[in-house]
Amino acid sequence: MATETRTPFEEQRSARPQVRPRTEGWTQAQDSEGRPLLQFASPKRGKPPVHLADLTVEERVEKVKELGLPGFRAKQLSTHYFTHYSSDPATMTDLPAAQREELVAGMLPPLLTETRRLATDKGDTIKFLWKLHDGALVESVLMRYPGRITLCVSSQAGCGMNCPFCATGQAGLTRNMSTAEIIEQIVRANAAIAAGELGGDPRKGGQDRVDAERVTNIVFMGMGEPLANYKRVIEAVRTMVAPQPHGLGMSARGITVSTVGLVPAIKKLADEDIPLTFALSLHAPDDELRDELIPVNSRWKADEAIDAAYEYYAKTGRRVSIEYALIKDMNDHAWRADLLAEKLNARGKGWVHVNPIPLNPTPGSVWTSSEPHVQDEFVRRLNAAGVPTTLRDTRGKEIDGACGQLAAAE
C-alpha cells in the first residue's frame, strides 16, 4: 500500500491554527448568488462644482474668459492655488478687486469642509475628516517622517471592494471623488504644514529639513479603490506632477498608487508613462484564503494579479511593492511566506519589494496583528529567499488613522 506523502507546504499547514476571515459587527453585502458584492461603477449622485484643478491649462484660460476676464488671470489663480495653497480671495491682491470674489467663486469653489481633525500626541500625524458638497465623508492622513512628509489620500467616498477586514468598505461605495477633490486634499494638507500645524520645525534642518515643508509623498491608500476611479486618479496624478504654477510640481517617484488587484486597470496603468510606484495589496498568496479575504479575487486570481504587477515592472522598470497585512493565525503562517517568495521569484529577481504591515489590533477580534516573533519569521523567510522585505511602520493607530481604519465617521 502506497504511503501518502505531503509537500513541505502541507506539512507546515498543520503546525499552527488557521483562522478564517469573517465580518464582525456588520453584515457583508452580497449579490443575488450569495457572493460578496463588488461595486465597480460609481452610484449616480450630483457632481461637485467644476474647479480649476478639474481643468486643463487651456480650459482654465477659456473658463476665465467666460467669466469676463483676460486669460492670463488663469495663471495667476493657478499660482495662488498650486503654489501658495490658497483659495481665499483676500490673499489675491494681484487680481482686480471688483471682480476678485466672482472669479474665485467661479474657479475655486469650496470642495472640502473640514469636519474634524485628530492628531497624535507627538503631533507628527494628523487625520482630517472632510465633508464633500453632497454630504459624503472622506478622510486623509498626513504624516511627518524623517526627511519627508507623506499624505495618504482618498480616491472614493467609501469603497466597493467589500474586503471584510477593512473599515472603509463596510458601508459600500458612496461615489467616486472628482479630480479636484483628490487634489484639494493635498492643497489643504500643504496649507496646514505651512501654518506649522504638523509639529516639528521645518527650518531647523536635519530630519525636518527645508525640502520637507510640503507634502513630498502621496500614497493612494486612503478610502476607496484607486483603480476603480481610474480616469480621475490619473488626471489627479498628472496635476500633481505638472510643474508649478500649473500643477503641484511633485515627483512622480514619490507617488504610490495601490490596488487590491483590478488586473485590466493595472495593465492600463503600465502604459501611462508616469514613473510612479505601483503597489499590489495581496494579503495572501493562495486563492483559497484570498477569495475570502479580498473578494475581487473571484474575478482575478492571485497569480493573475502578480503577473500584472510583474508586467508593470517589465514595461516601466519601476520596482513594484507588495502590501501584505499580517493577521494573526490567518495569513501569517511561515508556509505562506515561502509560497509568496516562490511565486515572486518564479517571475524573476529584483522586480519587487514586500511590505508586510502589522494589522491594527482590535482587542478580542478575529482581526488582530501577528505576534512579533511570527512577523519576524515571516520577514526572515522572504529575505532569506532573496525577496527584499521590510516590515512597514504604521502611523496613527491611536486616532484610527492607520491602514484599514478609515471609516469616515462623525
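Counting from 1, the numbers follow the sequence of the chain as shown.
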Pair listing, ring pair (Phe, Tyr, Trp, His ring centres under 6.0 Å) test, anchored in residues 89-126, at least two apart: none
Taking atom NZ of K63 as the centre, report whether more than 12 heavy atoms of other residues, nucleotides or ligands fall under 6.0 Å from it. yes
Go through K301 and D291 one step at a time and tell me if the salt bridge (charged side-chain N to carboxylate O under 4.0 Å, His left out) criterion holds. CA-CA 8 Å; K301 296 301 184 183; D291 281 347; 2.9 Å; yes
Looking only at heavy atoms, which two atoms of R290 and N297 are closest? And how far apart? NH1-OD1, 2.7 Å
Quick note, ring pair (Phe, Tyr, Trp, His ring centres under 6.0 Å) partners involving residues 237-269, not counting sequence neighbours, are none
Please work out whether the ring planes of Y313 and Y310 are parallel, tilted or perpendicular, with thresholds of 30° and 60°. tilted
Are a donor atom and an acceptor atom from the side chains of H80 and T91 found within less than 3.5 Å of each other? no
Can you name the nearest heavy-atom pair linking L111 to P48, along with the distance? CD2-CB, 4.5 Å
Strictly by modelled atom types, are E184 and Y81 linked by a side-chain donor-acceptor pair under 3.5 Å? yes
Before accepting this row, confirm whether a basic side-chain N of the pair R16/D332 lies closer than 4.0 Å to the acidic partner's carboxylate O. yes
Which residues pass the side chain to side chain contact (heavy atoms under 4.5 Å, CB included) test with S321, not counting sequence neighbours? T277, A279, E323, N355
Hits for ring-ring contact (aromatic ring centres under 6.0 Å, His included) against Y85, two or more places apart or cross-chain, chain-then-number order -> none
Sub-3.5 Å donor-acceptor pair from the side chain of Q18 to the main-chain atoms of M330, do we have one? yes
Please name the residue in the list T168, N176, T174, N229 that meets the side-chain hydrogen bond (donor to acceptor under 3.5 Å, both in side chains) test with Q156. N176
Between E377 and R380, does any NZ, NE, NH1 or NH2 come within less than 4.0 Å of an OD or OE carboxylate oxygen? yes
Do side-chain atoms of E311 reach the backbone of K267 as a donor and acceptor pair under 3.5 angstrom? no
Checking side-chain polar atoms at under 3.5 Å, does S140 have a donor or acceptor matched by the opposite partner on W130? yes
When D307, D303, D338, D286 are each screened for side-chain hydrogen bond (donor to acceptor under 3.5 Å, both in side chains) with K343, the one that passes is D303
Between the main-chain N or O of F128 and the side-chain N or O of E139, is there a donor-acceptor pair closer than 3.5 Å? no
Parallel, tilted or perpendicular: which one describes the rings of F40 and W300, with boundaries at 30° and 60°? perpendicular
Output yes when E197 and R117 qualify as a salt bridge under the 4.0 Å nitrogen-oxygen rule, no when they do not. yes
Applying side chain to side chain contact (heavy atoms under 4.5 Å, CB included) to V61 and not counting sequence neighbours gives K65, A74
Taking 4.0 angstrom as the limit, do R22 and E24 come out as a salt bridge? yes
A180 and H51 have their tightest heavy-atom pair at CB-CB, 3.6 Å
Partners of Q170 by side chain to side chain contact (heavy atoms under 4.5 Å, CB included), sequence neighbours excluded? W26, A167
Do F378 and H373 have ring centroids that are under 6.0 Å from one another? no
Of all the heavy-atom pairs spanning N190 and R214, show the shortest one and how long it is. OD1-CB, 3.3 Å
Minimum heavy-atom separation for V104 and S87, please, with both atom names. CG1-O, 3.5 Å
Is any side-chain N of the basic residue among R175 and E181 closer than 4.0 Å to the acidic one's carboxylate O? yes
